Amino acid sequence: MAKRFACHKISEGKASAPAIISKDRIMFYQVRPEDGMMEEKNHHLEGRIIAKKVLLFPGGKGSSVVQQDGLYHLDRFHNMPAALIVQDPDPVLVAGAIIMQIPMVDRLSEEFYAAVKDDDTLFVNADEGYVEIM
């Protein structure tokens with residue numbers, strides 16, 4: 001049975017996909033657009049694919065130019081994450097999610113973060129303000 005957790009909508013939309021959890025902030029410019037693989041050396045997700053997954057991460061890093069350019073190229077190659085669950089949203093990430101039409105939420109409970117694991121199927125419903133662990 002699915003467990004539902006309330007969240008705060010940042011960018012509208014719905015998505016269902018496996019979770020990928022990062023302990024590190026993300027610079028989307030360091031994600032290879034051709035396949036969505038994290039290339040940043042010594043990053044928690046180095047060598048892993050974030051494309052078409054629900055990405056849970058602390059927040060973004062890098063300038064607005066590299067963040068937006070990275071997201072743009074992921075979108076161009078159809079390798080954008082399915083949805084973003086962020087702990088510390090910044091204006092650059094928010095703008096990117098809205099422009100690229102990626103569902104983005106925040107303000108999930110500690111209970112959610114304790115329960116969710118890599119590869120759990122998540123349903124993010126930003127429009128109605130909840131995330132389900134399926």
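For clarity, every value in this text was computed on a predicted model and none was experimentally measured. Hydrogens, waters and symmetry mates are skipped; everything else that's a heavy atom, side chains included, is used. One is the number of the first residue; the rest follow in order along the sequence.
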Would you please test Lys61 and Glu40 for salt bridge (Lys or Arg N to Asp or Glu O under 4.0 Å) and show each step? CA-CA 12 Å; Lys61 68 179 181 179; Glu40 183 177 343; 2.5 Å; yes
Between Ile50 and Val31, does a side chain to side chain contact (heavy atoms under 4.5 Å, CB included) hold up when you go through it step by step? CA-CA 8 Å; Ile50 68 166; Val31 179; 3.9 Å; yes
Show the numbers, then the answer: is there a side chain to side chain contact (heavy atoms under 4.5 Å, CB included) between Ile20 and Asp118? CA-CA 5 Å; Ile20 187 164; Asp118 267 338; 4.1 Å; yes
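In this structure, CE on Met38 lies 10.5 Å from CZ on Arg48, to the nearest 0.5 angstrom. To the nearest 0.5 angstrom, Arg76 atom CZ is 9.0 Å from Asp69 atom CG. For the atom pair Asn79 CG and His73 NE2, the distance stands at 13.0 Å (nearest 0.5 Å). Expressed to the nearest 0.5 Å, how far CD of Gln68 lies from CG of Asp75 amounts to 11.0 Å. Between the CE atom of Met104 and the CG atom of Leu55 there is a distance of 9.0 Å, given to the nearest 0.5 Å. Residue Leu108 holds its CG atom at 8.0 Å from CZ of Phe5, rounded to the nearest 0.5 Å.
Transitive grouping of hydrophobic side chains (ILVMFWY, heavy atoms separated by less than 4.5 Å) keeps Phe77 and Met37 in distinct clusters. When the side chains of ILVMFWY residues are joined at heavy-atom separations under 4.5 Å, either directly or via intervening members, Leu56 and Met134 end up in two distinct hydrophobic clusters. With hydrophobic clusters built from ILVMFWY side chains whose heavy atoms lie under 4.5 angstrom apart, Val54 shares a cluster with Tyr113.
Annotation for Pro33 and Leu74: closest pair CA-CD2, 3.8 Å, computed over non-hydrogen atoms. Here the shortest heavy-atom pairing between Ala115 and Ile133 reads CB-CD1, 4.0 Å. The minimum heavy-atom distance linking Asp24 with Phe57 is given by the pair O-CB, 4.2 Å. Taking each heavy atom of Phe112 and Leu122 in turn, the nearest pair found is CZ-CD1, 4.3 Å. A pairwise comparison of heavy atoms in Lys23 and Pro58 identifies O-CG, 3.4 Å as the closest pair.
Of the charged side-chain nitrogens involved, none lies within less than 4.0 Å of a carboxylate oxygen, so that Lys3 and Glu132 do not count as a salt-bridged pair. Salt bridge annotation for Arg32-Asp35: present, with a cationic side-chain nitrogen under 4.0 angstrom from a carboxylate oxygen.
Residues Tyr72 and Met100 form a side-chain contact, since some pair of their non-hydrogen atoms from C-beta on lies under 4.5 Å apart.
Heavy atoms of other residues, nucleotides or ligands lying less than 6.0 angstrom from CD of Gln101 number 12 at most.
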Please tabulate, for side-chain N and O atoms in residues 6-19, each donor-acceptor pair with protein atoms closer than 3.5 Å (sequence neighbours left out).
from: His8; atom 1: ND1; to: Asp106; atom 2: OD1; distance (Å): 2.7
from: Ser11; atom 1: OG; to: Ala97; atom 2: O; distance (Å): 3.3
from: Ser11; atom 1: OG; to: Ile102; atom 2: O; distance (Å): 3.0

Enumerate donor-acceptor pairs with a distance under 3.5 Å from any side-chain N or O in residues 83-96 to protein atoms, sequence neighbours excluded.
from: Asp88; atom 1: OD2; to: Arg25; atom 2: NH2; distance (Å): 2.7
from: Asp90; atom 1: OD1; to: Val92; atom 2: N; distance (Å): 2.9
from: Asp90; atom 1: OD1; to: Leu93; atom 2: N; distance (Å): 2.9

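Under the ring-ring contact (aromatic ring centres under 6.0 Å, His included) criterion, Tyr29 pairs with no residue, sequence neighbours left out.
Using a distance-only test at 3.5 Å, with no hydrogens or angles considered, a donor-acceptor pair links the side chain of Gln67 to the main chain of Ile26.
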